[in-house]
Engineer: 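For reference, the structure I am asking about is given below.
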2 protein chains.
Amino acid sequence: MPEREDGPRSGDSPRLVRAVARLRSSGERITPARYAVLRVLDAADRSDEHLTAEQIGSRVAEAEPSVHRATVYRSLASLVEVGVVSHVHLGGSAAVYHLTDERPSPATALGHAHVQCSSCGRVIDVPPDILEPVAARLRDELGFRLATTHAALLGTCRDCT
Amino acid sequence: MPEREDGPRSGDSPRLVRAVARLRSSGERITPARYAVLRVLDAADRSDEHLTAEQIGSRVAEAEPSVHRATVYRSLASLVEVGVVSHVHLGGSAAVYHLTDERPSPATALGHAHVQCSSCGRVIDVPPDILEPVAARLRDELGFRLATTHAALLGTCRDCT
DNA sequence: CTGCCTGCAAAGGATTTGCACTCAT
DNA sequence: ATGAGTGCAAATCCTTTGCAGGCAG
């Protein structure tokens with residue numbers, strides 16, 4: 001017998017459960033739409049996918065057909081604001097979303113960075129510390145605090161060279 | 001007596017003249033629209049401005065009112081393709097354009113990089129070598145060739161801290 | 001209950017495209 | 001003359017918003 005799809009499920013990953021808890025403790029409401037969005041993002045993370053709002057919308061629609069596209073955008077906005085979800089602006093085209101990295105070590109405070117191949121469009125995760133030297137210089141020379149997570153660097157990936 | 005606005009002018013900067021020459025030698029045609037776009041970009045560069053396509057369009061309209069918005073986009077696309085103009089994708093919002101940096105020393109091959117304040121929107125130019133360590137790591141570890149010029153890094157500028 | 005969230009539809013900004021025409025070469 | 005470039009309008013893509021009703025708390 002299948003489980004209901006609009007509430008907690010036994011298959012929910014610890015990370016998902018934590019995300020929901022964090023959302024709740026931020027005073028945000030747990031709705032079927034938001035649950036579905038989080039579940040989609042959690043599943044995507046396991047396969048290292050980076051989904052656009054539209055892709056998230058269509059996957060959400062599989063589980064919760066009644067959820068409107070606009071609601072997905074609004075849900076994502078709320079989730080981002082709370083910090084449960086991060087979004088990355090890709091060059092020119094749509095933004096992609098994923099669950100915010102949780103820090104095993106609370107030392108460095110940032111999630112992973114992204115690079116995108118302008119040829120094939122693929123998004124590649126890179127360790128956050130790769131931008132550390134850049135962040136340091138910007139801080140020292142310009143007083144600029146770099147958000148290493150927020151934008152994708154563009155270039156050409158190995159396969160497209 | 002004013003000079004005509006649809007052809008070379010005595011006030012045209014050497015850099016503009018070179019850009020036009022390069023455009024011509026690429027087999028592209030020199031039209032009033034393209035001339036006007038280049039002139040706007042040249043003027044903007046002198047004041048360290050980064051213009052969006054729309055801003056370029058309205059400035060072009062002052063000199064050449066008959067030039068259509070769509071033509072500005074198409075002109076910019078051609079200019080970018082030829083390499084005379086570079087465009088930078090800013091976080092989420094519109095792309096900005098500027099004349100491609102010319103290299104005094106042909107050693108390093110890249111123009112300047114950009115960072116943008118997500119609070120006030122300001123775009124700051126930074127020396128291209130700031131991304132060199134990042135480019136090196138991406139190349140070595142992923143075979144990814146970084147286009148240091150193409151995307152803006154996001155963060156918070158000193159004034160908005 | 002109360003108001004945060006939602007569904008719907010419609011607007012919005014940025015950019016692109018189909019088509020016929022025009023002008024740089 | 002000939003096709004690269006253009007003007008125009010309409011389409012596209014991604015996202016946001018106004019409003020009335022609905023469900024989480």
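In what follows, chains carry the letters A, B, and so on, assigned in the order in which the sequence lines appear, proteins first and then strands, with residues in each chain numbered from 1. None of the values given here were measured: they were computed from a predicted structure.
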Engineer: Under 4.0 Å, counting only non-hydrogen atoms across every strand here, what does A/Ser78 touch: a base, just sugar-phosphate, or nothing?
Structural biologist: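 Nothing: the residue A/Ser78, judged by heavy atoms under 4.0 Å, touches no strand.
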
Engineer: Apply ring pair (Phe, Tyr, Trp, His ring centres under 6.0 Å) to the pair A/His89 and B/His89, showing each step before the final yes or no.
Structural biologist: CA-CA 9 Å; A/His89 297 292; B/His89 298 291; over 10 Å; no

Engineer: If the threshold is 4.0 Å, N to carboxylate O, is there a salt bridge linking B/Arg34 and B/Glu28?
Structural biologist: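 Counted as a salt bridge, because a side-chain N and a carboxylate O are separated by less than 4.0 Å.
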
Engineer: So if I define the base as every atom that isn't primed, P, OP1 or OP2, how would nucleotides 15-25 of chain D read as a B/S/- string at a heavy-atom cutoff under 4.0 Å?
Structural biologist: BBBB-----BS

Engineer: Counting the benzene-type ring for Trp, do A/His98 and A/His87 have ring centres under 6.0 Å apart?
Structural biologist: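 No, they do not, as the ring centres are separated by 6.0 Å or more.
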
Engineer: Specify the separation, in whole Å, of atom CG of B/Leu76 and atom C1' of D/dT6.
Structural biologist: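 The distance from CG of B/Leu76 to C1' of D/dT6 comes to 15 Å, rounded to the nearest Å.
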
Engineer: OP1, OP2 of C/dG7 versus side-chain N and O of A/Thr71: anything below 4.0 Å?
Structural biologist: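 Indeed, a polar side-chain atom of A/Thr71 lies that close.
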
Engineer: Please report, rounded to the nearest Å, how far the C1' atom of D/dG7 is from the CD atom of B/Glu64.
Structural biologist: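 Going from B/Glu64 (CD) to D/dG7 (C1'), I get 14 Å.
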
Engineer: Passes side-chain hydrogen bond (donor to acceptor under 3.5 Å, both in side chains), A/Ser86 versus A/Thr100? Steps please.
Structural biologist: CA-CA 5 Å; A/Ser86 306; A/Thr100 299; 2.8 Å; yes

Engineer: Given atom CG of B/Leu23 and atom P of C/dA24, what is their separation to the nearest angstrom?
Structural biologist: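 Result: 14 Å.
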
Engineer: Could you name each residue pair satisfying side-chain hydrogen bond (donor to acceptor under 3.5 Å, both in side chains) that touches residues 130-147 of chain B, not counting sequence neighbours?
Structural biologist: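 Sorted result for residues 130-147 of chain B: A/Asp129-B/Arg137, B/Arg137-B/Glu141.
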
Engineer: What do the steps show when you test A/Glu49 against A/Ser47 for side-chain hydrogen bond (donor to acceptor under 3.5 Å, both in side chains), and what is the final call?
Structural biologist: CA-CA 5 Å; A/Glu49 288 181 291; A/Ser47 45; 3.0 Å; yes

